[in-house]
There are 2 protein chains.
Amino acid sequence: MASRIVCAVTDATRRAPSMYDVAARAGVSHQTVSRVLNGFAGIRPETRDRVETAIADLGYRPNKAARALVTSRTRAIGVLAPATTDFGPTSSLHAIERAVRDAGYHPLITSTPVEAEAVRASLEFLLDQSIEALVVIAPYRVVLDELRDLHGDLPIVALQTGEFSDVSAAGIDQVAGARLAVRHLLDLGHRGIQQLAGPDAFIEAAVRRRAVDDELHSHGIPKLPTLTGDWSADSGYAAGALVDNAATAVVCGNDQMALGLIHALTDLGRRVPQGVSVVGFDDIPESAHSLPPLTTVHQDFEEVGRRAVHALVARLEGRDADDESVAVTPELVVRASTAAV
Amino acid sequence: MASRIVCAVTDATRRAPSMYDVAARAGVSHQTVSRVLNGFAGIRPETRDRVETAIADLGYRPNKAARALVTSRTRAIGVLAPATTDFGPTSSLHAIERAVRDAGYHPLITSTPVEAEAVRASLEFLLDQSIEALVVIAPYRVVLDELRDLHGDLPIVALQTGEFSDVSAAGIDQVAGARLAVRHLLDLGHRGIQQLAGPDAFIEAAVRRRAVDDELHSHGIPKLPTLTGDWSADSGYAAGALVDNAATAVVCGNDQMALGLIHALTDLGRRVPQGVSVVGFDDIPESAHSLPPLTTVHQDFEEVGRRAVHALVARLEGRDADDESVAVTPELVVRASTAAV
DNA sequence: ATTTATCGGGCGCGCTCCGAA
DNA sequence: ATTCGGAGCGCGCCCGATAAA
């Protein structure tokens with residue numbers, strides 16, 4: 001009893017109020033408080049009122065840790081996001097966080113540098129927080145490799161993984177995108193079509209690269225050496241010097257590289273689109289206002305994020321996901337960086 | 001006893017192992033397990049080994065909820081980030097998350113649409129998770145308004161708030177940035193300098209706008225009507241039609257608007273920089289490769305994030321923050337969108 | 001006997017669930 | 001029809017126990 005009193009005094013140093021404090025103030029038992037908190041039926045309105053005002057008066061907030069402990073549920077869904085400022089992953093991230101929240105779960109986001117070590121650490125962290133599921137924005141091979149070793153019973157969904165199939169995935173239909181870009185160039189009469197691809201460490205880059213090659217090949221277009229960048233505008237600029245003389249068009253793995261490429265081409269005295277047509281991939285917001293405005297393959301990253309979460313939550317709640325792997329169809333946005341040959 | 005057994009059977013359906021399971025397997029008490037877990041001294045190496053292999057064998061992970069419950073500490077730091085794909089906030093976000101983690105805390109990120117309702121909801125969420133501190137990427141007035149009503153004893157730091165002073169803040173020295181931009185133009189001989197500012201709802205936009213005005217005024221430059229955009233390249237494009245005929249230079253509130261503006265100007269037959277010089281703000285990665293490459297005020301968003309976290313953690317741990325409000329100095333990056341008049 | 005190293009038992013954190021009043 | 005008491009979730013802390021020196 002003495003300790004109780006001491007405790008009450010110590011409380012002056014602002015300990016968070018507990019259920020019992022609320023109960024005491026409302027003149028009910030802790031159980032009744034719990035009931036109104038969790039919206040159970042069978043509470044007399046008057047009692048409910050008393051409890052609710054007590055809650056308000058005390059500024060009481062249920063302790064999530066205690067709840068998680070007893071229910072052994074956290075309702076937390078981990079999100080592993082690459083620590084980049086790229087438009088794609090970032091758009092997806094916001095959409096994911098939104099969708100997770102809307103589904104009644106708590107997103108637990110980790111932004112992770114793209115190296116095995118860091119990915120592993122982030123995964124560890126998320127596991128430590130006892131997440132109930134995981135969504136991975138995983139354009140990188142490294143990330144997927146780490147995922148493989150994961151504890152088996154954690155529902156996982158991955159985004160933008162190309163055709164990777166060990167875990168359920170959502171992404172853009174890269175083959176369709178590549179087709180869109182190439183056909184557009186073909187329609188314009190181009191035959192000297194070169195590719196500036198993203199780094200192979202990105203699964204989507206590889207898929208995209210192959211899809212472009214295939215499409216080119218199936219139309220009997222002779223293959224020019226494939227250029228490779230690292231997604232950055234700088235690398236696109238560097239690639240500019242290597243564009244084949246026979247090329248009248250270049251299809252780029254993303255918009256940033258396309259922008260850099262156009263810059264380089266211009267510096268080199270080759271005009272876009274008069275001399276060389278350039279098509280990008282992604283449709284970042286700046287692309288509409290580059291000079292010339294960039295023709296590109298639009299991808300709805302937010303939609304990808306949303307669908308991924310829906311599939312995951314469906315699985316989590318036992319509902320059958322309509323489809324394990326969801327592919328969002330890209331769209332070609334024709335602007336001024338491409339012209340008839 | 002019977003229930004115990006039922007429980008043990010039920011365990012086959014994979015309940016996470018507890019400390020007691022580890023203890024049993026290692027032939028020690030739970031207390032000893034706790035000790036090795038928390039790196040206490042006074043454990044015989046041999047005992048420690050036994051415990052550690054038991055942990056590994058079982059794949060045991062301490063239950064954070066239980067720990068949080070008993071220590072009444074979460075080591076979680078909330079991060080309120082705007083749900084945009086803008087370069088600035090995004091860079092800061094990653095830097096913050098990194099810094100928080102490095103300081104031994106857990107970042108709890110919420111990305112939040114920029115409206116009072118959503119901000120309030122995010123704040124509620126974070127508070128519910130009993131975070132120990134909060135870092136807010138708060139370029140918006142709405143966000144700061146919500147912050148005011150917050151429970152008093154939560155350490156808070158805000159980023160990119162202009163000169164806001166109710167909470168401790170970190171940001172770029174906007175006045176210095178504005179000065180850099182204006183002086184550069186002045187040095188180039190410009191006298192007809194117009195401003196394309198960001199929306200007033202963003203504190204930094206307002207600060208920046210006033211700083212530019214002040215600088216212009218103090219040099220006796222006549223004021224041309226200030227244009228306003230919403231940060232987007234589209235709004236910059238729209239503003240292009242409104243550029244004053246007397247203007248030989250425009251200083252823009254960010255790079256995206258500058259890009260849009262240049263696009264519009266070009267469409268309108270005014271060349272950049274020959275006809276009009278344009279300077280941006282931020283130095284987003286694309287700016288180096290726009291045509292013409294953009295002269296802009298570089299801001300180190302990551303540094304801002306890092307410093308904010310350092311200040312916060314210092315406060316959290318009782319160490320005196322060296323300085324309550326930290327300002328990072330911006331740099332002018334001269335490229336090709338500005339030229340002598 | 002008195003210290004020193006090593007270990008264990010019990011209590012309670014705030015909550016939800018179960019059975020009883 | 002409402003409300004209450006008690007048990008226990010997994011863990012850390014306080015204190016006491018044991019063996020070693």
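Side chains are part of it too, since the values below use all heavy atoms of this structure and drop only hydrogens, waters and symmetry mates.
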Can you tell me which residue among B/V51, B/V22, B/D21 is in a side chain to side chain contact (heavy atoms under 4.5 Å, CB included) with B/Y60?
B/V22

With a 4.0 Å cut-off, would you call [X] and [Y] a salt bridge?
{"X": "A/E97", "Y": "A/R101", "answer": "yes"}
{"X": "A/E132", "Y": "A/R75", "answer": "no"}
{"X": "A/E302", "Y": "A/R98", "answer": "no"}

Which heavy-atom pair separates A/A68 from B/A65 by the least distance, and what is that distance?
CB-CB, 3.8 Å

For a quick test of reading the model, state the closest non-hydrogen atom pair linking A/E146 to A/L123 and the distance between them.
CB-CD2, 3.9 Å

Where the side chain of [X] is defined as all heavy atoms beyond and including C-beta, which of [options] is the nearest nucleotide?
{"X": "A/Q31", "options": "C/dC15, C/dC17, D/dG10", "value": "C/dC17"}
{"X": "A/N63", "options": "D/dG10, C/dC15, C/dG8", "value": "C/dC15"}
{"X": "A/S18", "options": "C/dC13, D/dC4, C/dG14", "value": "C/dG14"}

Five pairs per end, C1' atoms only: what is the angle between the end axes of the helix from C/dT4-D/dA19 to C/dA21-D/dT2, to 10 degrees?
40°

Between B/I137 and B/I96, is any pair of side-chain heavy atoms under 4.5 Å apart?
yes

Rounding to an integer number of Å, can you tell me how far [X] [atom1] sits from [N] [atom2]?
{"X": "A/R61", "N": "C/dC15", "atom1": "CZ", "atom2": "C1'", "value": "17 Å"}
{"X": "A/K64", "N": "C/dC13", "atom1": "NZ", "atom2": "C1'", "value": "18 Å"}
{"X": "A/I55", "N": "C/dG14", "atom1": "CD1", "atom2": "P", "value": "16 Å"}

Under 3.5 Å: donor-acceptor pair, side chain of A/T85, backbone of B/S91
no

Could you tell me whether the side chain of B/R50 and the main chain of B/A26 form a donor-acceptor pair under 3.5 Å?
yes

Whichever of B/G27 and A/P62 has the more 5' nearest nucleotide on DNA chain C, that residue is B/G27

Result for 5'-nearest mapping on DNA chain C, choosing between B/S72 and B/S29, is B/S29

State whether B/T32 places a side-chain N or O below 4.0 Å from either non-bridging phosphate oxygen (OP1 or OP2) of C/dT6.
no

Would you say A/Y20 reaches C/dG12's phosphate, i.e. side-chain N/O to OP1/OP2 under 4.0 Å?
no

So for A/H30 and C/dG14, does any side-chain atom that can act as donor or acceptor lie under 3.5 Å from a complementary atom in the base?
no

Return the polar atom pairs (N/O with N/O) between nucleotides 17-21 of chain D and the protein under 3.5 Å, or none.
none

Nearest 0.5 Å, please: how far is CD1 in A/I156 from CD1 in A/I131?
8.0 Å

Short of 4.0 Å, heavy atom to strand atom, which residues of residues 33-51 of chain A count as contacting DNA chain C?
A/S34, A/N38

Is it the case that over 12 heavy atoms from other parts of the model lie below 6.0 angstrom from the CD atom of A/E117?
no

